[in-house]
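None of the values given here were measured: they were computed from a predicted structure.
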Amino acid sequence: MPLLTVSCFPIPFPYPSIPRVITYGGFASRNVAALEFRAAAAGKSRNPMEFETPFPSDYDELLKQAKEATELALQSNKQLMEIEFPTSGLDSVPGDGEGGIEMTGSLQLIREYCDLLISPQKTTKTRVFLPEANEVAFARKTVFGGSSLKLDYLTIPSFFQDFGIVSKVKMADRVKPDDELFLVGYPYFNVNEMLVVEELYKEAVVETSRKLIIFNGELDRIRSGYYPAFFYPKLAALTQSFFPKMETVYYIHNFKGRNGGVLFRCYPGPWRVLRKVRNGYICVHQQEVMPSLKEVALEILPSA
């Protein structure tokens, strides 16, 4: 049976029957050997007690890893958490799938994640926020049918929705006294959605025992300056006021092309840059804080 290499140490792992990663054409065997040598050398100098998680082989394993990472973060009393990974395939990037399909995929994965994380006794104390009221109605009829989880929404569509204008919902009016956990699903389609999430955090989480999880919010759009600060000053300000308070408990971002690879993190482990070689992955870089996507694409991967 082939070996799946997923970190700075080779770890035996059954090779899955479905493709899940990018194939890097033209990757010469001598380069593979060089990467393996450098990864092994890096492994000798690291802390042997360091927490590591193998890259997932499918979405079932991914959700179990995300659930365990969340539980550890909750035990450490993290109040604001982020979970981010592609939904069109573990080797995909945002935009590979049609927007509506990606959101529906996230909705299904949210339900499965909640079923793993939240005990039956806690479902009525958990509020799942979706971007709009009509999505809540759809979710109740489909993915969340029969669930005791509370469903709510961030914004109300307006006549000018096609121009990106929606009506914000006052978060103080949506929250109930017995709420303990908020999970916000894919708040990225409209720029106002993330601003409402910040409001939810300020009004209902800060100075309480409540917790907030942002699930597939594509926060990298804001981190990378996709929205120019001149036109979106409030959104840009989140990188200084809101994001520093956040713990990214689970994260996968793929980089395509000749210097392709994966930025991967599972709390409480380090941020690792992985490269696909042969039948698995090799860790070519790791650090304690999140590197920028630009740094990974232009510096870390090309030099690996």
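- A heavy-atom distance below 4.5 Å is found between the side chains of I222 and M194.
- Between C283 and Q286, the shortest heavy-atom distance links the atoms SG-OE1, 3.9 Å.
- Between the side chain of Q79 and the main chain of T208, a donor-acceptor pair closer than 3.5 Å is present.
- Cation-pi check for R174 over Y153 is met; the charged atom lies under 6.0 angstrom from the ring centroid and within 45 degrees of its normal.
- With Y267 contributing its side chain and E71 its backbone, the two residues share no donor-acceptor pair below 3.5 Å.
- Taking CG of L181 as the reference point, atom OG1 of T126 lies at 4.5 Å (rounded to 0.5 Å).
- L293 is connected to L301 through a chain of hydrophobic side-chain contacts under 4.5 Å among Ile, Leu, Val, Met, Phe, Trp and Tyr, so both are in one cluster.
- Put simply, the side chain of D220 reaches to within 4.5 Å of the side chain of M290, judged on heavy atoms.
- Residues I252 and L62 form a side-chain contact, since some pair of their non-hydrogen atoms from C-beta on lies under 4.5 Å apart.
- Nearest approach of S106 to T87, heavy atoms of both residues: OG-CG2, 3.4 Å.
- In this structure, K245 contributes its side chain and S241 its backbone to a donor-acceptor pair below 3.5 Å.
- By the 4.5 Å heavy-atom criterion applied to side chains, W271 and L263 are counted as neighbours.
- In terms of heavy atoms, R275 sits closest to A304 at NH1-O, 3.8 Å.
- When all heavy atoms of F55 and L274 are compared, the pair lying nearest together is CD1-CD1, 3.9 Å.
- V206 and L195 fall within the same hydrophobic cluster, where Ile, Leu, Val, Met, Phe, Trp and Tyr residues are linked whenever their side-chain heavy atoms come under 4.5 Å apart, directly or through other members.
- For the pairing with L235, the side chain to side chain contact (heavy atoms under 4.5 Å, CB included) check across Y227, F242, Y226 returns one residue only, Y227.
- Taking 4.5 Å as the limit, every side-chain heavy atom of K276 sits out of range of all side-chain heavy atoms of D91.
- How far CE of M81 is from OG of S76: 10.0 Å, rounded to the nearest 0.5 Å.
- The line from CD of Q65 to CG of D60 is 11.5 Å long, rounded to the nearest 0.5 Å.
- In this structure, Y250 and F85 have perpendicular ring planes: the angle between them is above 60°, well past the 30° mark.
- By the 4.0 Å N-to-carboxylate-O rule, E247 lies close enough to R265 to be salt-bridged with it.
- E112 and Q108 share a side-chain donor-acceptor pair at under 3.5 Å.
- A donor-acceptor distance shorter than 3.5 angstrom exists from the side chain of N254 to the backbone of L90, with no hydrogens or angles considered.
- The backbone N or O of F243 sits nowhere less than 3.5 Å from a side-chain atom of R223 that would complete a donor-acceptor pair.
- Looking only at distances, no side-chain donor or acceptor of D152 sits under 3.5 Å from a matching main-chain atom of F129.
- Side-chain contact annotation: Y186 with E135, donor-acceptor N/O pair under 3.5 Å present.
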Evaluate the side-chain contact (heavy atoms from CB on, under 4.5 Å) criterion for residues T104 and V143: first the C-alpha distance (whole Å), next the side-chain angles of each, then the deciding distance (0.1 Å), finally the verdict. CA-CA 9 Å; T104 302; V143 176; 5.7 Å; no
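- Within the 4.5 Å cutoff, no side-chain heavy atoms of N190 are placed close to those of P131.
- For the pair L107/F144, a side-chain contact is recorded, criterion being any heavy-atom separation below 4.5 Å from C-beta on.
- Among all heavy-atom pairs drawn from G217 and Y188, the shortest one is O-CB, 3.3 Å.
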Derivation of the side-chain contact (heavy atoms from CB on, under 4.5 Å) call for E193 and V196: CA-CA 5 Å; E193 293 166 6; V196 178; 5.8 Å; no
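- Without hydrogens or angle criteria, R111 side chain to A139 main chain gives no donor-acceptor distance under 3.5 Å.
- If you take SG on C114 and CD1 on I213, they are separated by 7.5 Å, rounding to the nearest 0.5 Å.
- Among all heavy-atom pairs drawn from S303 and I300, the shortest one is OG-O, 3.1 Å.
- Using a cut-off of 4.0 Å between Lys/Arg side-chain N and Asp/Glu carboxylate O, E68 and K64 are scored as not salt-bridged.
- Using a 4.5 Å cut-off on side-chain heavy atoms (C-beta onward), K211 and E180 make no contact.
- For the atom pair NZ of K202 and CD of E207, the computed distance is 12.5 Å after rounding to the nearest 0.5 Å.
- With 3.5 Å as the limit, one finds no donor-acceptor pair spanning the side chains of E82 and Y251.
- For the salt bridge (Lys or Arg N to Asp or Glu O under 4.0 Å) criterion with D179, the lone passing option out of K122, R210, K150 is K150.
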